Amino acid sequence: KVKLPPGPHGVPLVGYLPFLGRNIHRTFMELANIYGPIYKLSIGQKLFVLISSPTLAKEVLRDQDITFANRNPTIATLAFSFGGKDIAFTPYGPDWRMLRRIFVQEMQSKGNLDAFYPLRRNEVKKSVRDVYVSSGTAVDVGLLAFASVINMITSMFWGGTLQADNGAAINAQFRDAVSELLVILGKPNISDFIPVLARFDIQGVERDTKRASRWIEQIFDVVIDQRIQTNNLHKGQDTKENDTNKDFLGFLLEFKDDDTGKSLSRPQMKAFLADIVIGGTGTTSTAFVWTMAELMLHPEVMKKAQDELLEVVGAGNVVEEYHSHKLPYLQAVVKETLRLHPPAPLLLPRCPVETCTVGGYTIPKGAKVFLNAWAMQRDSQLWENPNKFEPERFLGDAKNLDFSGKEFHYIPFGSGRRTCAGLRLGERMLMYTLSTFLHMFYWEVPDDQLPDTEEKFGIVLEKSTPLIAIPMPRLNNLKLYE
Ligand code: HEM
């Protein structure tokens, strides 16, 4: 017997679309207060199901994990992921397992992450130098975070492949293309809700995504060709150029599945790279900005975090990635930031492969299921003072909560089989950049104007207005900034 979840009525043709508002995660929470922790919405011709209680999240993400291990890609995500050949949108099955194993178990093994650390270190050092040059003047923290993260990622991708001269130009082009794509992907597209309109591409979202993706694809092709050329040139020789593990790209080109002997196709390889850039840059840099904004709003927390750095790292040293484990207070700050400002507030939508039951309600096959992590992480029944920024909670009652998604009221990286594939790298980059910039600089607000915490929903949940801050060197030994 079919018993669909309750939910509001919309208007003919477009359903609830006109009432979604700009920050849909908030609208979804308000609707949950009326209809309960599971409800449905019709938007255009699509059925959406919203879930916002840990018990029901567990039903979806653990008890019926395989049923919900598929996504429902939008037109734009299909366009940027080479038709859904990436990790995030490949249907659950052998191809997805292979891609995920390459990225999670092999590329992000402790040994490989450690091996790529000098590349990350080099990029963060360059950002420190840039900030040092701007000391005493207003800096856009979002731009700083984006540049640092994307430079670390590109350096790990192909830093060992490109020569310094053309490398800088290609990386600059790549940065522009990625920022453009992130903006396009953040726009809601009417064609996704009313598929009969898709062929008209009324807002031009598909056209714009394809244009930006082509640009990115051309860059991937140049770099992949260059790497193949270098490999061929040095075939059979035991040279530095032949060291396949020196960047991710070498890794992807060399990969052969142990069980099937399959290599990656070029589209798969490009989708893989696109995924890591799109999945990794916006999320990590947004988390950086929110952390800095909260620290500037809470100077006592900023001081504690900086005191901890002074004690652990010392005034005569720069931060190294291995310090992260010794910074429990800063870790609590990051956890608290990701509680209040999860970059993916609704995770990535799941889509049941067959009609199933959740919370006693029928979820039809193909529905788009959203887990409202944002709402659960601010639920007053689950958290004390839920809207207050209190990192101490992660040292007290909530000290055992981590990013693994085992506890369903705290899932900023998702949970289950399709949990964030870049968690280890993301956590490392975030902790390393934050600890470095907090140890090396004081951050002041210009004209005593405290930052606001207005949000902007898009591909990630960004701060609505840029975060502007004035850095001042914190360490006496200015050689450390060179
Ligand atoms: C603060 C940083 C990050 C946050 C908060 C975050 C959050 C998320 C979330 C919520 C999901 C969906 C999980 C689910 O459906 O259960 C996800 C998926 C994913 N993330 Fe992240 N992410 C971050 C960083 C990264 C980084 C650095 C990368 C890559 C370098 C990355 C790559 C991916 C990929 C490939 C997926 C799709 C996984 C799949 O479908 O199997 N993420 N992320």
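All residue numbers refer to positions in the sequence shown, counting from 1. Only heavy atoms go into these numbers, but all of them, side chains included; no hydrogens, no water, no symmetry mates. Everything numeric in this text was worked out from a predicted model, so none of it was measured. For ligands, and for the atoms within them, numbers begin at 1 and follow the listed sequence.
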Legend entry - Lys/Arg-Asp/Glu bridge criterion (N-O < 4.0 Å) met for Asp208, Arg211: yes
Inset, instruction - Please verify whether a non-hydrogen atom of Phe89 lies at under 4.0 Å from ligand 1. - result: no
Inset, instruction - Taking atom types as modelled, find out whether Gln331 and His325 have a side-chain donor-acceptor pair closer than 3.5 angstrom. - result: no
Inset, instruction - Measure the distance from atom 27 (C) of ligand 1 to every protein heavy atom, then report the residue, atom name and distance (to 0.1 Å) of the closest one. - result: Gly280 CA, 3.4 Å
Legend entry - Sub-3.5 Å N/O-N/O distance, Arg71 and ligand 1: yes
Inset, instruction - Considering only non-hydrogen protein atoms, determine which one is nearest to atom 33 (C) of ligand 1 and report residue, atom name and distance to 0.1 Å. - result: Ala421 N, 3.8 Å
Legend entry - Lys/Arg-Asp/Glu bridge criterion (N-O < 4.0 Å) met for Lys304, Glu392: yes
Inset, instruction - Please determine if Asp86 and Lys270 form a salt bridge, counting it only when a charged side-chain N lies under 4.0 Å from a carboxylate O. - result: no
Legend entry - Minimum-distance protein heavy atom relative to atom 7 (C) of ligand 1: Pro412 O, 3.6 Å
Inset, instruction - Scan Pro352, Pro349, Cys351 and name whichever one has a side-chain contact (heavy atoms from CB on, under 4.5 Å) with Val369. - result: Pro352
Legend entry - Ile66 and Arg417, any side-chain heavy atoms less than 4.5 Å apart: yes
Inset, instruction - Could you check atom 35 (C) of ligand 1 against the protein and tell me its nearest heavy-atom contact, residue, atom and distance included? - result: Asp275 OD2, 3.5 Å
Inset, instruction - Determine, using heavy atoms of Arg350 and all atoms of ligand 1, whether some pair is separated by less than 4.0 Å. - result: yes
Inset, instruction - Check ligand 1 against Leu347 and write out every atom of the ligand that is under 4.0 Å from a heavy-atom position of the residue. - result: 10 (C)
Inset, instruction - Distance to 0.1 Å, residue and atom name: give those for the protein heavy atom nearest to atom 30 (C) of ligand 1. - result: Ile276 CG2, 3.2 Å
Legend entry - Test of proximity, Arg100 against ligand 1: N or O pairs below 3.5 Å: yes
Inset, instruction - Return yes if a side-chain donor-acceptor contact under 3.5 Å exists between Arg378 and Asn387, otherwise no. - result: yes
Inset, instruction - Tell me which protein heavy atom sits closest to atom 4 (C) of ligand 1, plus the residue, atom name and distance to 0.1 Å. - result: Phe413 CE2, 3.4 Å
Inset, instruction - Output yes when a side-chain donor or acceptor of Thr286 lies under 3.5 Å from a complementary backbone atom of Gly282, and no otherwise. - result: yes
Inset, instruction - Identify the protein heavy atom lying closest to atom 20 (N) of ligand 1, giving its residue, its atom name and the separation to 0.1 Å. - result: Cys420 SG, 3.3 Å
Legend entry - Sub-4.5 Å side-chain heavy-atom contact between Ser127 and Phe437: yes
Inset, instruction - Return yes if a side-chain donor-acceptor contact under 3.5 Å exists between Glu390 and Trp383, otherwise no. - result: no
Legend entry - Nearest-neighbour protein heavy atom for atom 24 (C) of ligand 1, which is reported as residue plus atom name and distance: Thr283 OG1, 3.3 Å
Inset, instruction - Give the numbers and elements of all ligand 1 atoms closer than 4.0 Å to a heavy atom of Trp96. - result: 39 (C), 41 (O)
Legend entry - Per-atom contacts, ligand 1 versus Phe103 - under 4.0 Å to a heavy atom: 29 (C), 30 (C)
Legend entry - ligand 1 to Ser415 polar contact by distance, N or O atoms, under 3.5 Å: yes
Inset, instruction - Classify the side-chain pair Asn72/Arg350 by whether it contains a donor and acceptor separated by less than 3.5 Å. - result: no
Inset, instruction - Report, in ascending order of atom number, the atoms of ligand 1 lying under 4.0 Å from any heavy atom of Pro343. - result: 5 (C)
Inset, instruction - Check each atom of ligand 1 against the heavy atoms of Ala344 and keep those under 4.0 Å away; list them by number with element. - result: 10 (C)
Legend entry - Identified side-chain contact (heavy atoms from CB on, under 4.5 Å) counterpart of Phe157 within the set Leu119, Val277, Leu249: Val277
Legend entry - Per-atom contacts, ligand 1 versus Gly426 - under 4.0 Å to a heavy atom: 27 (C)
